[in-house]
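What follows is one structure encoded as structure tokens, with my remarks underneath.
We name chains A, B, ... by the order of the sequence lines, and we start the count at 1 in each one.
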Number of protein chains: 4
Amino acid sequence: MPTPTWDRLPTERRDAIVAAAEAEFASRGFSRGSLNVIAREAGVAKGSLFQYFDDKLDLFAHLSDLASIRIGAAMAKHNAPLPWAEDYWGALTDSLLAWIGHFRDHPVDLALTAAVNLELDTEVRVAVREVVNRHYLRGLQQLIDSGVETGAVRADADHGAFLAQLVLVMPHLALAANMPGLDPVLDLHEDPDAAVARVVAVWRAAFGTWADGVTRPVRRPSA
Amino acid sequence: MPTPTWDRLPTERRDAIVAAAEAEFASRGFSRGSLNVIAREAGVAKGSLFQYFDDKLDLFAHLSDLASIRIGAAMAKHNAPLPWAEDYWGALTDSLLAWIGHFRDHPVDLALTAAVNLELDTEVRVAVREVVNRHYLRGLQQLIDSGVETGAVRADADHGAFLAQLVLVMPHLALAANMPGLDPVLDLHEDPDAAVARVVAVWRAAFGTWADGVTRPVRRPSA
Amino acid sequence: MPTPTWDRLPTERRDAIVAAAEAEFASRGFSRGSLNVIAREAGVAKGSLFQYFDDKLDLFAHLSDLASIRIGAAMAKHNAPLPWAEDYWGALTDSLLAWIGHFRDHPVDLALTAAVNLELDTEVRVAVREVVNRHYLRGLQQLIDSGVETGAVRADADHGAFLAQLVLVMPHLALAANMPGLDPVLDLHEDPDAAVARVVAVWRAAFGTWADGVTRPVRRPSA
Amino acid sequence: MPTPTWDRLPTERRDAIVAAAEAEFASRGFSRGSLNVIAREAGVAKGSLFQYFDDKLDLFAHLSDLASIRIGAAMAKHNAPLPWAEDYWGALTDSLLAWIGHFRDHPVDLALTAAVNLELDTEVRVAVREVVNRHYLRGLQQLIDSGVETGAVRADADHGAFLAQLVLVMPHLALAANMPGLDPVLDLHEDPDAAVARVVAVWRAAFGTWADGVTRPVRRPSA
DNA sequence: GATGAATGAGGCTTCATTCAT
DNA sequence: CATGAATGAAGCCTCATTCAT
């Protein structure tokens with residue numbers, strides 16, 4: 001967590017540091033990103049960074065926090081007007097495409113998400129994910145709940161498994177749709193629309209009700 | 001790719017280097033793994049490594065190649081006697097648990113898989129994945145095909161989406177089941193049996209035929 | 001020396017700074033002790049420290065001064081009721097054990113004494129010792145004088161040499177008895193009672209009168 | 001301990017590094033001595049130092065080892081022709097003056113001894129002392145033994161206490177005689193001859209036999 | 001008189017790669 | 001073909017002190 005000093009800083013100074021740090025970590029990842037470079041690019045003394053953040057990881061976690069808030073806000077804004085009640089799976093498809101689009105249009109968010117998800121160092125990854133997942137899980141859980149309420153998601157489906165799929169698949173969509181070499185099957189990078197439609201179809205089959213309202217029971221494993 | 005010199009090397013020398021390199025990359029990842037340490041532990045001169053491999057990445061890719069072959073062989077051996085024809089989804093569940101078990105019992109394979117999947121540097125990741133995916137995709141495709149043949153997997157299901165799910169989920173299973181802090185929903189690390197059962201249930205619902213043989217059509221998206 | 005500003009400070013503020021500084025220097029020594037930490041722990045601004053003290057050394061010297069006064073008072077109180085007249089060497093032994101005990105029970109005094117005695121920087125050490133020795137020498141000289149008056153210390157012994165032994169040995173006792181690895185012979189850390197008895201026996205032999213009152217002349221060196 | 005690489009080094013390179021390191025640590029002590037400076041002055045790359053020594057402490061310990069060997073050899077050479085059998089205490093006085101002289105004439109040895117004895121960091125001090133004390137203790141013990149054999153030291157004296165005095169006093173003599181501000185009583189820095197004579201007189205009184213051969217028993221404390 | 005943000009030199013250590021032997 | 005010493009840039013982080021507010 002940033003120090004109180006950070007919060008008292010003039011906005012321009014904070015912005016300069018955040019911009020420099022985002023650029024650096026986005027292009028080089030956490031482990032290889034350099035505080036030297038960040039300080040130089042931000043036009044501040046190297047030591048100043050340590051007045052604002054405990055250490056490198058603390059700075060990185062803060063950036064990730066900012067990014068996840070930014071992404072969450074953008075998605076909330078996009079999702080609000082979607083016709084979840086009338087066409088849940090269509091709205092979900094639309095939302096996922098917007099999700100992909102956000103990362104296409106905000107390379108910094110993409111790169112930070114990549115950096116978080118791909119960071120090798122377990123300590124780093126766990127520390128940052130803890131912060132980030134807190135934001136995401138709540139929103140995704142609400143999304144599932146609303147599907148249940150409107151009848152699009154079967155009440156007796158395994159909602160936890162659905163949530164797990166979302167948590168697992170969404171970062172993959174964001175990364176693989178915008179970076180080459182990550183998806184060898186769905187061709188996300190070339191044709192995201194088709195790929196997303198196929199993914200949603202899977203979920204609909206597994207967790208959705210029939211169009212005619214007939215629910216198809218899927219028993220949870222008795223194990 | 002290793003140089004011709006590498007291939008002409010006495011077996012013990014090669015083995016010593018491979019063992020040392022696996023141990024090092026397994027415990028410290030690619031970026032932080034040290035050639036110094038590898039050379040020391042293998043009992044060879046630092047310079048020699050550069051006679052066998054172009055650079056650090058070349059060595060790492062070779063190890064990943066070896067590991068994927070090893071893993072593939074182990075899984076093939078385990079899968080052979082499973083009752084795919086009689087109980088496809090049960091066999092799949094069994095296979096996935098064995099998959100998780102393999103990585104639990106072979107920390108080196110786990111760590112290398114982690115290193116590959118978590119490596120940030122795009123160049124590194126793409127280079128290594130290209131090699132690795134070649135092995136995996138073939139095996140997984142066969143697994144799906146056999147499901148179709150035996151009638152467990154619907155002929156009109158989106159087999160590509162199934163393959164994508166496998167490719168995406170299996171590394172996640174391997175890592176999240178054996179490292180803490182990676183799975184915030186399914187609790188893979190604590191109760192892998194239940195988690196796997198839930199995942200397979202999803203696939204069965206999406207891609208499987210009914211127990212009574214009635215297939216439930218899932219139209220591919222018209223998009 | 002503290003500035004006049006320091007003397008005008010509210011007592012609680014002074015106490016907070018002294019406490020924080022003692023804790024810091026005690027645990028990290030002079031060279032490695034950090035003014036940053038002291039200011040933070042004391043709840044004062046970093047800059048304020050420089051309003052009260054010229055620099056780091058000035059602050060440290062002040063603490064040492066306080067500690068030596070504190071130690072001197074404690075020892076004076078302990079020494080007062082001892083039977084110097086009846087059993088000088090027994091009283092001295094008792095006093096030295098109390099001396100060791102004081103440092104065992106007051107880690108801050110121990111650490112400050114260590115910091116003073118072990119500080120490499122000549123400038124620092126000389127500056128601090130000058131202040132500290134003033135207190136000690138007077139007390140130790142009185143102790144010798146009283147021995148002479150009561151006849152326990154020979155009048156013709158080399159009292160300066162006795163004083164030098166005390167000055168040299170007492171810090172050693174305090175440190176070596178309470179820190180491992182400083183005394184390779186007497187085993188002060190393990191069995192202080194025995195070690196002190198042996199040291200006092202040496203002094204008694206060198207500077208004391210016989211039990212039967214016969215003094216054994218030790219001529220000062222004619223050099 | 002230096003690495004094997006260090007031992008294989010050309011003599012001039014080793015000498016350059018040792019000279020630079022001695023000069024640096026001698027003038028600034030261990031904690032404040034800088035490897036940067038040492039490398040620059042020695043004309044070697046900073047990284048090379050880490051091919052020869054594990055870390056800063058390892059280098060410092062090696063220098064201390066060299067110095068203690070050097071000092072030990074010098075003293076052994078000086079002590080050999082002294083008339084220990086005829087005039088033990090005179091010889092001891094002479095030896096101690098030579099000891100002081102050695103450090104006066106070899107400022108590097110003086111400074112290293114100071115650095116070892118005054119290093120605040122317990123870990124450092126203990127590590128280095130372990131190496132150094134090994135050399136000294138043996139020599140000093142022999143010196144006492146020879147005194148016992150020739151009858152100058154009483155057989156029933158507390159030889160351990162004598163050894164402890166030597167171990168404690170000799171570094172003090174070396175330092176205090178050659179650095180101002182360390183000895184507030186004996187005036188070692190101004191008149192070492194007199195000071196040494198007084199110290200030896202103390203020991204003679206405590207541990208020596210009478211000139212006329214009458215031994216004066218000093219019972220070890222019954223405790 | 002108090003504050004605390006800014007400084008920036010300097011600290012130790014790591015490491016992939018080269019190249020003379 | 002093997003060796004291993006040398007490199008030197010780059011890494012993160014610490015800290016006493018200053019000075020504008």
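- In this structure, A/Phe60 places its CZ atom 14 Å from P of F/dC13, rounding to the nearest Å.
- Using a 4.0 Å heavy-atom distance criterion, B/Leu49 is classed as making no nucleic acid contact.
- Taking each heavy atom of D/Ile38 and D/Ala20 in turn, the nearest pair found is O-CB, 3.6 Å.
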Problem - nucleotides 11-21 of chain E: protein proximity per nucleotide (B base, S sugar-phosphate only, - neither; heavy atom, under 4.0 Å) - result: SSBBSBBB---
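- In this structure, B/Arg14 CZ and B/Ile17 CD1 are separated by 9.5 Å, a value rounded to the nearest 0.5 Å.
- Taking CZ of C/Arg40 as the reference point, atom CG of C/Leu35 lies at 12.0 Å (rounded to 0.5 Å).
- Here the side chain of D/Glu24 pairs a donor or acceptor atom with the backbone of D/Ser34 at under 3.5 angstrom.
- Taking every heavy atom of residues 13-22 of chain C and every atom of DNA chain E, pairs under 4.0 Å involve C/Arg13, by number.
- Atom CG in A/Asp7 sits about 14 Å away from atom C1' in E/dA5, given to the nearest Å.
- Between A/Tyr52 and E/dA5 there is no side-chain N or O to OP1 or OP2 distance below 4.0 Å.
- Residue contacts shown for C/Leu9 are limited to sugar-phosphate atoms, with no base heavy atom under 4.0 Å away.
- Phosphate proximity of F/dG4 to D/Thr5: absent, as no side-chain N or O sits under 4.0 Å from OP1 or OP2.
- If you take CD1 on D/Ile69 and CG on D/Asp65, they are separated by 4.5 Å, rounding to the nearest 0.5 Å.
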Which atom pairs, donor and acceptor, lie under 3.5 Å between side-chain atoms of residues 48-63 of chain C and protein residues at least two apart or in another chain?
from, atom 1, to, atom 2, distance (Å)
C/Tyr52, OH, C/Arg13, NE, 2.8
C/Tyr52, OH, C/Arg13, NH2, 3.2
C/Asp55, OD1, C/Leu57, N, 3.3
C/Asp55, OD1, C/Asp58, N, 3.0
C/Lys56, NZ, C/Phe30, O, 2.9
C/Lys56, NZ, C/Ser31, O, 3.1
C/Lys56, NZ, C/Gly33, O, 3.0
C/Asp58, OD1, C/Met1, N, 2.1
C/Asp58, OD2, C/Met1, N, 3.4
C/Asp58, OD2, C/Asp54, N, 3.0

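- E/dT17 is paired with F/dA6 under the criterion used here, namely a Watson-Crick or G-U wobble arrangement in which both key atom distances are under 3.5 Å.
- Distance check: B/Glu22 CD to B/Ser64 OG gives 9.5 Å after rounding to the nearest 0.5 Å.
- Atom CZ in C/Phe53 sits roughly 16 Å away from atom C1' in E/dA2 (whole-Å rounding).
- Of the residues near DNA chain F, B/Arg8 and D/Arg8, the one whose nearest nucleotide (by heavy atom distance) lies more toward the 5' end is B/Arg8.
- Base-pair partner of F/dT14: E/dA9 (Watson-Crick or G-U wobble, both distances under 3.5 Å).
- Salt-bridge formation is not detected for the pair B/Lys46/B/Glu41: no Lys NZ or Arg NE/NH1/NH2 atom is positioned less than 4.0 Å from an Asp or Glu carboxylate oxygen.
- Closest of all the heavy-atom pairs between C/Ala42 and C/Ala16 is CB-O, 3.7 Å.
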